[in-house]
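Okay, so here's the structure we're looking at.
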Amino acid sequence: MAEKRDYYEVLGVSKTAGEDEIKSAYRKLAKKYHPDLNPGNAEAEAKFKEVNEAYAVLSDSEKRARYDQFGTADPQAGFGGAGGFSGGFSGTGFEDIFENIFGGAFGGGGRRSNGPERGRDLRVDIDLTFEEAAFGVKKEINLTREESCDECGGSGAAKGTTAETCQTCHGTGQIRTTQNTVFGSFSSSQQCSVCHGSGKIIRTPCKKCAGKGRIRRSRRISVNVPAGIDNGQAITLRGEGEQGRRGGAAGDLYVYFTVKPHKLFKRSGSDIYLEIAVSFANAALGAEITVPTLEENIKYKIPEGTQPGTVFRLRGKGIKRLGGSDRGDMYVTVGVDVPRKLTAKQKDLLRAFDQSVSGQETTEKKRGIFGGK
């Protein structure tokens, strides 16, 4: 008989591992190799048994102490025969261990599959203009979702009839089987093939929903888009998803937004940015310019000698902060509009101006370097 693998190695823990670490490792591996998740997989079944054998020993302080003393030899050599540890698997011993750890997470836990079931969450996508996202808007959307059949009230049975309890699974929706192995008895549950997990048999199905108890229906829903929503953000409409089954809560509707870019403004959070070009004369002499905002055009005085790339801040002219009452700011970057075509006279004037400015700049530089007056 081949020597068994080291139990610590099986669970992937060290020999100094505590109870919580051993338990956590067991949970992970037992889920991975559970027969319900690996139907017909002989290798997974073997690993599942090996994992449970290791846990049955390492989770028991006395058995673990004896195992640490005798090492990885065959259990008969150190425990006086297989009966020395078989109690961890026979009868309901292993089942209790598994259910205590997983709380019935698998079919073997005996949970009813025909209890209340929450409805599915749904998602819709809405396109918004830059202004709609900034100020908020009300949108109407068409939503198709599953709802309880209004003809049979969701039972699936025709009016005047009722669904019968499935005699195969006795209304549980699950068929439980027990497999006896050399390591003990293993129980597992599978969905009842007769009632398909519902626990009910419908002899006379509702004609409107064909016995499903649910129909697909289109609804028109109003969505209040909050001011300040940004591209890629979403809001949740509670209970607007698909209706639950067997009295379960309805799912939610997630509404995601795509904001179209603006031809003038760019956005960063609640602040907006604008580039505006002014003439060379206005930049040099200073002027009152017209600045577009999200609501209206406003007048703004730029000072004399404004340089290209200068940024002015207009407080409160940005976008309302999502969920708040204040607004972001608007940042205006000034650029100089250079004319592409000039008349001969305009060129001469510019040359003369450039010469006068250049001479002035040279004088100023000399003064700065030599400290002259």
Side-chain angles (χ1 to χ4, degrees), residues 1-15 17 19-64 66-68 70-114 168-170 172-197 199:
M1 183 175 178
E3 186 174 343
K4 294 182 179 293
R5 290 175 60 199
D6 181 85
Y7 288 150
Y8 293 100
E9 180 185 344
V10 170
L11 295 183
V13 298
S14 68
K15 292 188 176 182
E19 293 181 5
D20 290 342
E21 186 178 352
I22 291 175
K23 188 174 183 179
S24 176
Y26 171 69
R27 283 178 60 99
K28 181 179 179 180
L29 293 172
K31 283 185 178 182
K32 180 178 179 180
Y33 298 119
H34 194 277
D36 287 354
L37 301 181
N38 301 275
N41 189 330
E43 182 180 357
E45 182 179 355
K47 288 184 179 295
F48 182 71
K49 294 175 181 178
E50 186 180 44
V51 166
N52 284 291
E53 179 183 339
Y55 181 73
V57 173
L58 299 185
S59 63
D60 186 300
S61 59
E62 294 184 5
K63 294 174 183 176
R64 181 179 179 181
R66 282 184 287 170
Y67 178 75
D68 288 341
F70 291 103
T72 60
D74 188 279
Q76 292 184 3
F79 299 108
F85 65 92
S86 62
F89 298 94
S90 62
T92 59
F94 162 68
E95 179 182 325
D96 291 340
I97 292 175
F98 200 77
E99 290 192 16
N100 286 337
I101 292 180
F102 292 99
F106 295 102
R111 286 190 174 183
R112 295 171 64 92
S113 64
N114 59 349
T168 302
C169 64
H170 304 289
T172 65
Q174 299 272 311
I175 298 296
R176 189 163 187 165
T177 58
T178 300
Q179 181 181 8
N180 294 318
T181 71
V182 294
F183 297 110
S185 299
F186 295 87
S187 296
S188 63
S189 296
Q190 295 181 344
Q191 186 183 81
C192 177
S193 60
V194 177
C195 66
H196 305 290

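Small disclaimer: the values here were computed from a predicted structure and weren't measured.
Checked against side chain to side chain contact (heavy atoms under 4.5 Å, CB included), Thr168 has the following partners two or more places apart in sequence or in another chain: Cys166, Ile175, Cys192, Val194. With sequence neighbours left out, the side chain to side chain contact (heavy atoms under 4.5 Å, CB included) criterion links Ser14 to Thr16, Ala17.
Nearest heavy atom pair, residue Arg64 against residue Ile22, reads NH1-CD1, 3.3 Å. Across every non-hydrogen atom of Ala30 and Val51, the tightest pair is N-CG1, 4.3 Å. Residues Gln174 and Cys169 share a closest heavy-atom pair of O-CB, 3.4 Å.
Within a 6.0 Å radius of CD in Glu19, no more than 12 heavy atoms belonging to other residues, nucleotides or ligands are found.
With rounding to the nearest 0.5 Å, the separation of CD in Glu45 from NE2 in His34 is 11.0 Å. Taking NZ of Lys28 as the start and CG of Leu11 as the end, the distance is 12.0 Å to the nearest 0.5 Å. We find the CZ-CD distance between Phe48 and Glu43 to be 15.0 Å, quoted to the nearest 0.5 Å.
Annotation: side chain of Asp6 is in contact with side chain of Lys15 (closest heavy-atom distance under 4.5 Å).
Using a cut-off of 4.0 Å between Lys/Arg side-chain N and Asp/Glu carboxylate O, Lys49 and Glu53 are scored as not salt-bridged.
Between Tyr55 and Tyr26, the ring planes are parallel. Angles under 30° get that label, and only those over 60° would be called perpendicular.
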